[in-house]
Amino acid sequence: NNLLLMGSALINYLNNNGTIDFYYRKAKQSVQPPFGVVSFIAGTDDYTFDSNGFNGEWLIKVVGRKTFPETTIEEYNETHDIIQDAPLTLTGNTLMRFRRISLIEYQDPEDFWNIGGIYNFDTWKT
């Protein structure tokens, strides 16, 4: 399952190499910022005559609760430096590319700053 492989690879890599905890889709209610969230957005299957691949887009963001977003931006920049072109391992697949394709920034109704990026995850079955 590509979603399980990719999501697990991202969460494990970020939690093993970063300075904040990352969660899939949402953090536990008791978790205090800063923390990170990884979410699948969309993906497409790629096919040749005898093989296949998967191209997916993932949101990786840092959630902070400061009046101003600077600290959250710095924490996201550290996360980006860790994950951009990371050597992620996917059993049974070759990672072709893992790169940011856009940025996001917003403050939600609870005043949490959400700073992150949308990343393209391109794999091919081995």
Side-chain angles (χ1 to χ4, degrees):
N1 182 322
N2 287 314
L3 291 179
L4 181 60
L5 283 174
M6 290 179 184
S8 295
L10 288 171
I11 296 284
N12 289 335
Y13 193 83
L14 287 165
N15 283 335
N16 288 329
N17 294 287
T19 58
I20 62 174
D21 291 330
F22 274 82
Y23 302 89
Y24 185 73
R25 308 265 320 146
K26 62 182 178 179
K28 299 175 192 173
Q29 195 168 7
S30 61
V31 173
Q32 295 298 310
F35 59 85
V37 176
V38 172
S39 301
F40 176 72
I41 298 172
T44 58
D45 291 310
D46 295 318
Y47 297 98
T48 64
F49 293 105
D50 61 353
S51 188
N52 66 320
F54 186 78
N55 184 298
E57 293 181 358
W58 291 78
L59 170 64
I60 298 175
K61 69 178 182 176
V62 174
V63 179
R65 189 180 193 130
K66 300 287 183 180
T67 304
F68 300 102
E70 288 83 356
T71 303
T72 308
I73 291 170
E74 290 171 4
E75 289 159 343
Y76 167 69
N77 286 340
E78 290 172 12
T79 298
H80 172 72
D81 289 344
I82 292 166
I83 202 68
Q84 177 83 349
D85 293 321
L88 302 170
T89 301
L90 301 165
T91 304
N93 292 270
T94 300
L95 176 64
M96 308 300 286
R97 164 182 68 182
F98 187 77
R99 295 238 169 111
R100 183 175 64 198
I101 56 175
S102 61
L103 288 167
I104 64 144
E105 175 188 281
Y106 64 93
Q107 191 172 24
D108 65 29
E110 300 297 320
D111 291 331
F112 289 92
W113 281 100
N114 293 256
I115 313 291
I118 297 174
Y119 291 78
N120 181 264
F121 207 139
D122 197 4
T123 65
W124 203 257
K125 198 159 203 95
T126 53

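Keep in mind that this is a model prediction, so the values were computed, not measured.
Rounding to the nearest 0.5 angstrom, the gap separating the CD atom in Gln32 from the CG atom in Asp21 is 12.5 Å. With rounding to the nearest 0.5 angstrom, the CG atom of Asp111 is 6.5 Å from the CZ atom of Arg65. For the atom pair Thr72 OG1 and Lys66 NZ, the distance stands at 8.0 Å (nearest 0.5 Å). Annotation: the span from Thr19 atom OG1 to Glu78 atom CD amounts to 5.0 Å, rounded to 0.5 Å.
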Can you give me every donor-acceptor pair (side chain of residues 7-15, partner residue at least two apart or in another chain, under 3.5 Å) with its distance?
| unit_1 | atom_1 | unit_2 | atom_2 | d |
| --- | --- | --- | --- | --- |
| Ser8 | OG | Leu4 | O | 2.9 |
| Asn12 | ND2 | Ser8 | O | 3.1 |
| Asn15 | OD1 | Phe22 | N | 2.7 |
| Asn15 | ND2 | Ile11 | O | 3.4 |
| Asn15 | ND2 | Phe22 | O | 3.3 |

Residues 42-55, side-chain donor-acceptor partners within the protein, below 3.5 Å, at least two apart:
| unit_1 | atom_1 | unit_2 | atom_2 | d |
| --- | --- | --- | --- | --- |
| Thr48 | OG1 | Ser51 | N | 3.2 |
| Thr48 | OG1 | Ser51 | O | 3.4 |
| Ser51 | OG | Trp124 | NE1 | 3.0 |
| Asn55 | OD1 | Asn120 | ND2 | 2.7 |

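A distance-only check finds a donor-acceptor pair linking the side chain of Asn93 to the backbone of Thr91 [under 3.5 Å]. Not one N or O on the side chain of Ser39 forms a donor-acceptor pair closer than 3.5 Å with the backbone of Leu59.
Considering all non-hydrogen atoms of both residues, Phe35 and Val31 come closest at CD2-CG1, 3.7 Å. Here the closest non-hydrogen pair linking Lys26 and Val37 is N-CG1, 4.1 Å. Taking each heavy atom of Gly64 and Pro33 in turn, the nearest pair found is CA-CB, 3.8 Å.
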Query raised in the report: Going through the checks in order, is the side-chain contact (heavy atoms from CB on, under 4.5 Å) test met by Thr123 and Met6?
Result: CA-CA 9 Å; Thr123 65; Met6 290 179 184; 3.8 Å; yes
Report task. Could you walk me through whether Glu75 and Asn77 pass the side-chain contact (heavy atoms from CB on, under 4.5 Å) test, one step at a time? Result -> CA-CA 5 Å; Glu75 289 159 343; Asn77 286 340; over 6 Å; no
Requested in this report: Determine, stepwise, if the pair Phe121 / Leu90 fulfils side-chain contact (heavy atoms from CB on, under 4.5 Å).
Outcome: CA-CA 11 Å; Phe121 207 139; Leu90 301 165; 3.4 Å; yes
Requested in this report: Using the side-chain contact (heavy atoms from CB on, under 4.5 Å) rule, take Ile115 and Lys61 through it: C-alpha gap first, then chi angles, then the decisive distance, then the call.
Outcome: CA-CA 5 Å; Ile115 313 291; Lys61 69 178 182 176; over 6 Å; no
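Ring-plane geometry between Tyr119 and His80 is classed as tilted, the angle between the planes lying from 30 to 60 degrees on a 0 to 90 degree scale.
In terms of hydrophobic clustering, with Ile, Leu, Val, Met, Phe, Trp and Tyr side chains grouped at heavy-atom distances under 4.5 Å, Ile82 and Tyr24 are assigned to a common cluster. Taken together through direct or relayed side-chain contacts under 4.5 Å among Ile, Leu, Val, Met, Phe, Trp and Tyr, Ile60 and Ile73 form part of one hydrophobic cluster. Using a 4.5 Å cut-off between side-chain heavy atoms of Ile, Leu, Val, Met, Phe, Trp and Tyr, with links allowed through other members, Trp113 and Val62 fall into the same hydrophobic cluster. A continuous path of hydrophobic side-chain contacts links Ile41 to Tyr106 [ILVMFWY only; heavy atoms under 4.5 Å]. By the criterion of side-chain heavy atoms lying less than 4.5 angstrom apart, applied directly or through intervening Ile, Leu, Val, Met, Phe, Trp or Tyr residues, Trp58 is grouped together with Leu95 in one hydrophobic cluster.
Pairs of residues two or more places apart, or lying in two chains, that qualify as salt bridge (Lys or Arg N to Asp or Glu O under 4.0 Å) and include a residue from residues 79-105 are Asp85-Arg99, Arg97-Asp122.
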